[in-house]
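In the text below, chain A, chain B and the rest are named by the order of the sequence lines, each starting its count at 1. Heavy-atom basis, side chains included; hydrogens, waters and symmetry copies ignored.
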2 protein chains.
Amino acid sequence: MATIHDVALKAGVSVTTVSRVMNNRGYISETTRSKVYQAMNELNYQPNEIARSLLRKQSNILGLIIPNVSHPFFSQLADRVEYYADMEGYKVLLCNSQMDPSKERDYIEMLKRNRVDGIIMGSHTLEIEEYQNLRSPIVTIDRKIDEEIPCLSSDNYRGGQLAAELLVAKGCRKIAHICGNLDLKMLSNQRTDAFLDVVGRAGVGHLVVQTDMNVFNESLYSELLHTLLESNPDIDGIFATSDILAAYALKECIRAGKRVPEDVRIVGYDDVGAARWLTPELTTIRQPIDELGHQAVRLLHRQIEGEQVSFNNVLSVELVERETT
Amino acid sequence: MATIHDVALKAGVSVTTVSRVMNNRGYISETTRSKVYQAMNELNYQPNEIARSLLRKQSNILGLIIPNVSHPFFSQLADRVEYYADMEGYKVLLCNSQMDPSKERDYIEMLKRNRVDGIIMGSHTLEIEEYQNLRSPIVTIDRKIDEEIPCLSSDNYRGGQLAAELLVAKGCRKIAHICGNLDLKMLSNQRTDAFLDVVGRAGVGHLVVQTDMNVFNESLYSELLHTLLESNPDIDGIFATSDILAAYALKECIRAGKRVPEDVRIVGYDDVGAARWLTPELTTIRQPIDELGHQAVRLLHRQIEGEQVSFNNVLSVELVERETT
DNA sequence: GTGAAAGCGCTAACAA
DNA sequence: TTGTTAGCGCTTTCAC
């Protein structure tokens, strides 16, 4: 692969000159410029970004750590992150922690060694302290580390509230809420808080079921939902904390011979593509995934530029009523 | 951020010595070694991989170009690619071409400028010639460029055959096949070839419908399927070229008051997670996504190591019969 | 307008 | 066992 040196040689100028025409800096005569361009073309020259990064102390790479791109929410988020990153001139390094703390730790170290300009943390398997001394522009998604680290999320409490209120308004008398592991201090736990507030205030029967939310254990979802419906045949409303979970709820309802929405009403969360693939289409709480990706990149970009950014960034959610309610 | 120089200074040795302990090369006394380690810890030193890459002329980065990570097939593939890449010590740079030729071209250039060690091409919007002179370890997925560029795919003809044969065996008399744009010279067109061969041989009525397969236009899928079923009420079998397409087919069948599988039988393709989210669960042709990711990385790795790899790599598919047939 | 030289952080001869 | 030096490909003073 040709270097700036080869180009200079072929064009009969110095490397400085070649560098100048590449970067459009300083004055260069038209003849020199075209000689250089021609040499570049003939050699099929591509400037070595690694050398540039070393000098500039900036890689223009962003690290994206998520549990798993194969999860629909994260795959859609990754798409938007990459899209906006590209618009701002950043590339993105994909890291799937697979929910494994030691993998997550290794990825963080790797990203630092590779001098990425910023990190988007969508996976949170480590203790707070481990994130605190990483001194890189960073933005966390859906988890508040401390008051020093910018956090981006959508309004989880509001989402839980909208979902619960809808089910109550539709007349549900016994509502099951299926959520992730509440021990992890994620902001998504606020959905559960809101749910409990709403049903408590309305005096509606309810129960809360925790799952591990591990995308690899989807086979367990069917079982979980099956036993839930069997032991609580009077459930007439389900609020699931993801659309995938809601899909399994829908499936088990139908299998149990219940009609949706007549006998059981279901609300999902996220509004990923799958919400519209189901029949009946899923009523759900829409997270603004495009905007989350946009803001994640923007918050990082501004930190990289040395700006101060706010530590609490919450976007609004929206109820999308379809056919399961 | 501390450099090797700072470490050397603090440990009272030369940079070479520090480099040596980092890389475990040559002989170093235990005292020196521990002095260096201590200095590293105190300074929280992380070796600069950019500098290393420059010197070693190897970035340990792989480029992954796909139409869109938000598409379930590619999101699951990206997950596996990243997984196996990580195991082999590679990082992966995510590029969503969004099916835009100029974006795809830009990504290819960007990856070359960044001296990635290899490229996985899962998006194919350019003309053959543009891929031919890119002189990088590469593997294409599902498209044969020429006899010089390693190609990885699963057995598309066999997949189409399995699907068509199943529908025929189940007694379908008029089968619709919904596929992507056949003008793109993708290997997935072989599914259509196989379909036509099977139904032709069996003398079963059929029709072929092309779509654009652009994941952003999912709203068009509903319309397409709706009019298809309306104008051909006697369709009793559908072979869709992706599970998502099959999901829309299922939905429109149900909306049209048809029972699945009693009135219409449906076969999808890929066996992504969504196939099990639907009710009834989708019968589909399983692509070995994990193995595709594994082999993609492996083919690249071997090229990087200077080995000769075979240009034609096809993995086998499998019929997964669930509830829609 | 253009070039020579230094240096980004690291590794690899070659000496000592 | 350790250090000195050159150089990876590029940009940036500072001269000319």
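Put simply, B:R52 has no side-chain N or O that comes within less than 4.0 Å of OP1 or OP2 on C:dG9. For C:dA4, neither phosphate oxygen OP1 nor OP2 lies less than 4.0 angstrom from any side-chain nitrogen or oxygen of A:S14. Side-chain nitrogen and oxygen atoms of B:T16 include none within less than 4.0 Å of the OP1 or OP2 phosphate oxygen of D:dT4. A close approach under 4.0 Å does not occur between any side-chain nitrogen or oxygen of A:R56 and OP1 or OP2 of C:dC8. The phosphate of C:dT11 has neither OP1 nor OP2 within less than 4.0 Å of any side-chain N or O from B:R25. In terms of phosphate contacts, A:S19 brings a side-chain nitrogen or oxygen within less than 4.0 Å of OP1 or OP2 of D:dT11.
If you measure from atom CE of A:M1 to atom P of D:dC8, you get 17 Å, rounded to the nearest angstrom. When the C1' atom of C:dG7 is taken as reference, atom CD1 of B:I50 falls 16 Å away, rounded to whole Å. Rounded to whole angstrom, the span from the NE2 atom of A:H5 across to the P atom of D:dG7 amounts to 11 Å. B:N23 places its CG atom 11 Å from the P atom of C:dC10, with the value rounded to the nearest Å. The interatomic distance linking A:I4 (CD1) with D:dC8 (C1') rounds to 13 Å, in whole Å.
No side-chain heavy atom of A:N114 sits under 4.5 Å from any side-chain heavy atom of A:S59. Looking only at side-chain heavy atoms (C-beta outward), B:L152 and B:L315 come within less than 4.5 Å of each other. Between A:I65 and A:I108 there is a side-chain heavy-atom pair separated by less than 4.5 Å.
With hydrogens and angles left out, the side chain of A:R33 and the base of C:dG1 share no donor-acceptor pair within 3.5 Å. Under 3.5 Å, the side chain of A:R115 and the base of C:dG9 form no donor-acceptor pair of N or O atoms.
Mapping B:L55 and B:Y27 onto DNA chain D by nearest heavy atom places B:Y27 closer to the 5' end of the strand.
In the set C:dT11, C:dT2, D:dT2, C:dT11 carries the atom at the smallest distance from any side-chain atom of B:V15. You'll find that the side chain of B:S29 is closest to D:dT1, out of C:dG1, D:dT1, D:dG3. When distances run from any side-chain atom of B:K57 to the nucleotides D:dT11, C:dC10, D:dC8, the shortest one goes to D:dC8. Here the side chain of B:N48 is nearest to one of D:dG9, C:dC10, D:dT2, namely C:dC10. Picking from C:dA12, D:dT2, C:dT11 the nucleotide with the shortest atom distance to the side chain of B:R20 gives D:dT2. Comparing C:dC10, D:dG9, D:dT13 by their nearest atom to the side chain of A:L54 picks out D:dG9.
Within 4.0 Å of A:T32, counting heavy atoms only, lie sugar-phosphate atoms of the nucleic acid but no base atom. At a threshold of 4.0 angstrom between heavy atoms, the contacts of B:T17 are confined to the sugar-phosphate backbone, with no base atom among them.
A salt bridge links B:R33 with B:E30: at least one charged nitrogen is closer than 4.0 Å to a carboxylate oxygen. Contact check on A:E305 versus A:R302 returns no salt bridge, with no Lys/Arg side-chain nitrogen under 4.0 Å from an Asp/Glu carboxylate oxygen.
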Could you walk me through whether A:H301 and A:Y90 pass the ring-ring contact (aromatic ring centres under 6.0 Å, His included) test, one step at a time? CA-CA 9 Å; A:H301 182 64; A:Y90 295 106; 5.6 Å; yes
